[in-house]
Amino acid sequence: MDENATRILLIEDNPGHSHLIRQAIRKASSDYQVTCEESMADALLHLRSERVDAVITDLGLPDSTGLDSVRVIRQQNATVPIIVLTTLEDSCTESAAFEYGAQDYLPKNQATFEVLRRVIQHAIQRQQCVAQAAELFEKLSASRQQLEQQKKLLKKKNRRLKRLYATVQRFVDNVSHEFRTPLTVIKDYVLLVREGMCGEVNAQQAHMLDVAAVRVNDLNTMVDDMLDVSKLEAGMLGAWRRRCRLPEIVEAVAPALRQKAAIREVAFAIDVPDNLPEIYCDAEKVGRVIINLVVNAIKFCGEAGEVHLSAWADQASGEVVVDVADNGQGISADDLQRIFQRFEQLNCNIRQSTKGFGLGLNIAQELTAINLGQMRVKSQPGHGSTFSFSIPVADPREVAKRFLQQIRTTKRSLPLVSVFTVQTEESTPMEDVDDVDLFLTGLLRQNDLMWRLDTHRWLIVIATNEIASDRFLERLDDEHKSFDCLRPAGPLPRLQTTAEGTWCAADQSEEILDRLDRLFMTAEKVAC
């Protein structure tokens, strides 16, 4: 991440809103780097652990509503600029937001990229001025004795403060309509130099630049892991499961893994057949699991390091299995019992001097479970290790069976399952249908499952601790209206939602599967 870039924290629990707002911010300036959190708890953790130049927050979050969001952020960070971005166009709320410490208040329907650029720029500059003044006054008022002893210095600094404030104010006025000079991120600079775009690079320099690029990737992975830990604990890590092809996922992550293996002088081989059946998963999370397992294997492989990434179809179990094998010293039986524990690292000699946080394998296991698969490991001291994880094939019955099994075994606090179908009219244009798919996917939570039955119809299964029909329909309607406000092409097409029923996951699994089977069979007949 570019240390000179403007880092913006967006707090928005609606994935559709978040997607559109991030697009507008990125269009506003290439210098903006946006991180999105879906809850106040995750946002506060981010504020404690990362530098943030501006916060854009909604007022309706799962764990914080109204102006409490502004108050909590200001308590956590006294200097960060806060911009309220909300659907509420209320002058009283706007005035109160400023009293709580916000720098600006912007209705979502006015959040064009040009307006966002100006609002962000002004908020940061105003808050910088306030922060500089506060810092100076804090230093000057440290103690009464110091104030008396440094009376002359105080007057001098006060005069300087007035000049500084006037200078900053003039600066704000002069650049309010100007873009900042675009900055290139660190990794882009490294790659430009590495490719010889800035002059010839010798072998030693190329190696050093490759190391720098790998370290940037390592840091990004560690940051992702740390953020995912808090999201997992809060149950806020969403799952965008859909039909995917494993070779395409591997192809996307392979270049960075090959580069890391080359830097470590590890022989890295990939054997993923192109004819594997389609899988049903969150592709980004499968990629993260592969990255974590391969990076772990590169770290612990032997001196003449060898790492092998392979995949095969287990037709009998209805899954695709991914194996990551290394030729390291292996893992003892006792250590096998604790390697997936969070913040746990084995006491052994590893190939690199820099250790991580002990999160990689734990996160990999959690992400595998979200994708309705299982993580396994085979190892023998002195003979290396093989870490494997499974992903269900894109068969609706197999996916539904795994989903219900997971609910019964690991989600005992969510004993009920509700099933809905959502559809659009057959005449709905495909671009609108695709936006409906995006909207419904963003509506899902970690314990929900969606399957696209056909072009215009979706099946949604919700695990809950209460009768979810009314609440889901209310949430669907509310989110539909909010999504419409931000959609440039206008409102989404009308959705017809049918509640198919609610069952007990522990005692009525067969009834649930029978109902789902009938829906799947109807969809297959329509497709034929």
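Keep in mind that what you see is a predicted model, and the values were worked out from it rather than measured.
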- [ ] In plain terms, say whether D282 and R288 are close enough for a salt bridge, that is, a side-chain N and a carboxylate O under 4.0 Å apart.
- [x] no
Is there side-chain contact between [X] and [Y], with heavy atoms separated by less than 4.5 Å?
| X | Y | answer |
| --- | --- | --- |
| V436 | P493 | yes |
| I120 | I56 | yes |
| F387 | L361 | yes |
| I290 | V324 | no |
| T455 | E426 | no |
| L257 | V295 | yes |
| F472 | I460 | yes |
| F420 | L476 | no |

About how many Å separate [atom2] of [Y] and [atom1] of [X], when rounded to the nearest 0.5 Å?
| X | Y | atom1 | atom2 | answer |
| --- | --- | --- | --- | --- |
| T421 | L519 | OG1 | CG | 6.5 Å |
| R494 | D432 | CZ | CG | 14.0 Å |
| N362 | M375 | CG | CE | 9.5 Å |
| E278 | R245 | CD | CZ | 7.5 Å |
| I11 | E37 | CD1 | CD | 8.0 Å |
| I279 | E248 | CD1 | CD | 10.0 Å |

Open item on the list: Does D68 form a salt bridge (Lys or Arg N to Asp or Glu O under 4.0 Å) with R71? I'd like the steps, not just the answer.
Closed with: CA-CA 5 Å; D68 277 345; R71 178 182 57 80; 3.3 Å; yes
I'd like to know whether [atom1] of [X] has more than 12 heavy-atom contacts from other residues, nucleotides or ligands below 6.0 angstrom.
| X | atom1 | value |
| --- | --- | --- |
| E251 | CD | no |
| Q23 | CD | yes |
| Q374 | CD | no |

Minimum heavy-atom distance [X]-[Y], with the two atoms named:
| X | Y | value |
| --- | --- | --- |
| S39 | P62 | CA-CD, 4.5 Å |
| W240 | P15 | CZ2-CB, 4.0 Å |
| L20 | P488 | CD2-CD, 4.4 Å |
| C244 | I249 | CB-CD1, 4.2 Å |
| L276 | V272 | CD1-CG1, 3.8 Å |
| V286 | C281 | CG2-SG, 3.6 Å |

Task: From CA spacing to verdict: side-chain contact (heavy atoms from CB on, under 4.5 Å), K27, Y32 - done: CA-CA 9 Å; K27 188 175 180 182; Y32 294 156; over 6 Å; no
Task: Partner set under salt bridge (Lys or Arg N to Asp or Glu O under 4.0 Å) for R258, not counting sequence neighbours - done: none
- [ ] Verify whether one side chain among D484 and H480 offers a donor that lies under 3.5 Å from an acceptor in the other.
- [x] yes
Answer yes or no: is there a donor N or O on one side and an acceptor on the other, between the side chain of [X] and the main chain of [Y], under 3.5 Å?
| X | Y | result |
| --- | --- | --- |
| D53 | R7 | yes |
| E319 | G373 | no |
| R74 | N77 | yes |
| D104 | I83 | no |
| H456 | Q423 | no |
| Q103 | I82 | yes |
| R242 | R452 | no |
| R402 | I391 | no |

- [ ] Show the numbers, then the answer: is there a side-chain contact (heavy atoms from CB on, under 4.5 Å) between C485 and K481?
- [x] CA-CA 7 Å; C485 294; K481 293 176 182 177; 5.7 Å; no
Task: Working for side-chain contact (heavy atoms from CB on, under 4.5 Å), residues Y105 and T93 - done: CA-CA 9 Å; Y105 186 99; T93 304; 3.8 Å; yes
Open item on the list: I need the single residue from T86, L61, V84 that forms a side-chain contact (heavy atoms from CB on, under 4.5 Å) with S69. Which is it?
Closed with: L61
Task: Stepwise side-chain contact (heavy atoms from CB on, under 4.5 Å) check, V55 with L47 - done: CA-CA 9 Å; V55 174; L47 281 169; 4.1 Å; yes
